[in-house]
Amino acid sequence: MAITSALGKRRLATVLNYDDARASAKRQLPAAIFDYVDGGAEDEVTLRRNVQGFRDLAFEPHGATWVEKPDLSTNLLGLELSMPILTAPCGGMRLVHPHGDLGIAAAASKAGIAHVATSASGYTLEEIAETPGQQWFQAYKFSSQDAMRSLIRRAKAAGFEGLVATIDTSVSGNREKDFRNGFSYNMSINLSNVFRMAPKMISRPGWVYRFMRDGMPFVLPNTADLTVDGKPMELTEMIRTGKESHSPSWDDIAWMRANWDGPLIIKGILSTSDARTAVKLGVDGIIVSNHGGRQLDGVPASIAVLPQIVEAVGDDVTVILDSGIRRGSDVLKALALGAKAVMVGRLPAWGLAVDGEAGVSHVLETTRTEMVRTMRLLGCSSIQDLDPSWLSQQSRAGAVAR
Ligand SMILES: Cc1cc2nc3c(=O)[nH]c(=O)nc-3n(C[C@H](O)[C@H](O)[C@H](O)COP(=O)(O)O)c2cc1C
C-alpha cells in the first residue's frame, strides 16, 4: 500500500490540469475502463461541443483591480460549498479504483464541497452515506417504479440531503467504444470473459492487482433486492437497452415531490420547455446537462443552452450546469451565464484513476487554484459578482449559435 501511494504521489506531481490527469489515468486503466469513462455517444459530436462551447467564450476582465483573496464560497439549496462545485453522480467508479464512490465522496467532503451519489454506485447507498460530508442521491428507475421508490426511501433513511432525478437516460446512450470493448456482454468472471479480456488487462498490472483484491466488483449493489431473482444487476446490464425506462417520468417526479421533503433537483434539462415543466412540478433545482455527451448525440453543449434556460426560469429554481467542465475558468464562465454551481464527472474520475481518493483531492484543489487565479486576473472579488458582463458579447453570440 505504501509503495502504491508513493507511486501515486509521483504520478500526481505531474498532473497540473485535466489533460494531464486524463493522460495519467489512461496509463493506469485497461483500455475498456478508460474508454467507458472517456467516451461519448455515437460520433461524440456533443462530447466535443461541450468542451468547445467553453473555449468559444472569451472573458472580459475588469482591469487594474487588485483582488487578494477572491471569495468562491456559496450556499446552494442548503449546501455550504467552499467553491461552487459538486462531484457528479457517475456509475462504475469502483471499476476505476477500489476507493470508488467512497473516495470521491470523501475527497469532496475534504474540499468543502458536496457529492452526488449515483444509483449505479459500486458501494451501497448506505455505505456512501456513511462518508462524512454533504451528499445528494441520484435516482434511476432501473426499469421499475417499485425499484425507484424503494431506492428513494432508502436514500431518505440513509440521510441524503437532496434528491436528483436524471431524466435523460430512458435507455443508455449508444457508446460504441463500450460495445467494441465488450461492455455489451455480461462482465461476470467466467472462462470465456477471462480469455477475451486478459490480453487487454495484462499491460495494467497495478489495476488488475487492485481490482482482484477488491473482489472484482462488476455489480450494482443498490439493486440487490430489486431484481426478480434477487441478484444485483451488472453495470453492463444497464448499458444494454431495456423494455422500460431507466429514467423517471414527469409523473414519477410529481411522486418524488410529494414524498421527498428536501431539495429535489432534475438532471438532464436542455430545453426551456422541460425547464418550465420542472418548475411547474415544484422542483427546487435543475441541472442543465447532456450527461457529458454520453446519451443523445447531437444535442447542444450545455453551456450553449444555459442562457436561454436561465432566462426562462428566472429565480423560480436554482440552475446548476454540467458537461464539459475541464478547468476552473470553465466554472466561472458557467457562473457568469447564470449557473449557481457546476458538477464535474470525468475530472474526479481521472483523479481517482491516478491515485484513488488522494487523486480526486488533487484534481479538485487544482481546479480551485485555477479558479482563484482566474478571479484575480479578472479583477473579480466574489463569485456572487459574476454576470454576463465578465464575458465578451461577441464570443457569447458565437458560442450560443453553435
Ligand atoms: C463514467 C460515467 C458514469 C456516469 N454515470 C452517471 C450516472 O450513473 N447517473 C447520472 O445521472 N449521470 C451519470 N454520468 C453523467 C455525469 O453525472 C455528468 O452529467 C457528466 O459526467 C458531466 O460531464 P463531464 O464528464 O464532462 O464533467 C456519468 C458520467 C460518466 C463519465
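Atoms within a ligand are numbered from 1 in the order they appear, just like the ligands themselves.
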Measure the acute angle between the ring planes of Y140 and F142, then classify it against the limits of 30° and 60° as parallel, tilted or perpendicular.
-> perpendicular
Polar side chain donor-acceptor pair, D20 to T14, under 3.5 angstrom | no
R94 meets the salt bridge (charged side-chain N to carboxylate O under 4.0 Å, His left out) criterion, sequence neighbours left out, with D214
Salt bridge (charged side-chain N to carboxylate O under 4.0 Å, His left out) partners for K340, two or more places apart | none
Hey, could you give me each pair passing ring pair (Phe, Tyr, Trp, His ring centres under 6.0 Å) that has a residue in residues 250-297? Not counting sequence neighbours.
-> none
One line per pair, note the atom names and distance for all nitrogen or oxygen contacts under 3.5 Å between ligand 1 and the protein.
{"from": "ligand 1", "atom 1": "5 (N)", "to": "G91", "atom 2": "N", "distance (Å)": "2.9"}
{"from": "ligand 1", "atom 1": "8 (O)", "to": "G91", "atom 2": "N", "distance (Å)": "3.4"}
{"from": "ligand 1", "atom 1": "8 (O)", "to": "T118", "atom 2": "OG1", "distance (Å)": "2.8"}
{"from": "ligand 1", "atom 1": "9 (N)", "to": "Q138", "atom 2": "OE1", "distance (Å)": "3.0"}
{"from": "ligand 1", "atom 1": "9 (N)", "to": "Y140", "atom 2": "OH", "distance (Å)": "3.0"}
{"from": "ligand 1", "atom 1": "11 (O)", "to": "T166", "atom 2": "OG1", "distance (Å)": "2.7"}
{"from": "ligand 1", "atom 1": "11 (O)", "to": "K267", "atom 2": "NZ", "distance (Å)": "3.0"}
{"from": "ligand 1", "atom 1": "12 (N)", "to": "P89", "atom 2": "O", "distance (Å)": "3.2"}
{"from": "ligand 1", "atom 1": "12 (N)", "to": "K267", "atom 2": "NZ", "distance (Å)": "2.9"}
{"from": "ligand 1", "atom 1": "12 (N)", "to": "H291", "atom 2": "NE2", "distance (Å)": "3.2"}
{"from": "ligand 1", "atom 1": "14 (N)", "to": "P89", "atom 2": "O", "distance (Å)": "3.3"}
{"from": "ligand 1", "atom 1": "14 (N)", "to": "H291", "atom 2": "NE2", "distance (Å)": "3.3"}
{"from": "ligand 1", "atom 1": "17 (O)", "to": "P89", "atom 2": "O", "distance (Å)": "2.7"}
{"from": "ligand 1", "atom 1": "17 (O)", "to": "K267", "atom 2": "NZ", "distance (Å)": "3.1"}
{"from": "ligand 1", "atom 1": "19 (O)", "to": "K267", "atom 2": "NZ", "distance (Å)": "3.1"}
{"from": "ligand 1", "atom 1": "19 (O)", "to": "D322", "atom 2": "OD1", "distance (Å)": "3.2"}
{"from": "ligand 1", "atom 1": "19 (O)", "to": "D322", "atom 2": "OD2", "distance (Å)": "2.7"}
{"from": "ligand 1", "atom 1": "25 (O)", "to": "R346", "atom 2": "N", "distance (Å)": "3.0"}
{"from": "ligand 1", "atom 1": "25 (O)", "to": "R346", "atom 2": "NH1", "distance (Å)": "2.9"}
{"from": "ligand 1", "atom 1": "26 (O)", "to": "G324", "atom 2": "N", "distance (Å)": "2.9"}
{"from": "ligand 1", "atom 1": "26 (O)", "to": "R326", "atom 2": "NH1", "distance (Å)": "2.9"}
{"from": "ligand 1", "atom 1": "26 (O)", "to": "R326", "atom 2": "NH2", "distance (Å)": "3.3"}
{"from": "ligand 1", "atom 1": "26 (O)", "to": "R346", "atom 2": "NH1", "distance (Å)": "3.3"}
{"from": "ligand 1", "atom 1": "27 (O)", "to": "G345", "atom 2": "N", "distance (Å)": "3.0"}

Close aromatic pair by centroid cut-off 6.0 Å: W350 and F34 = yes
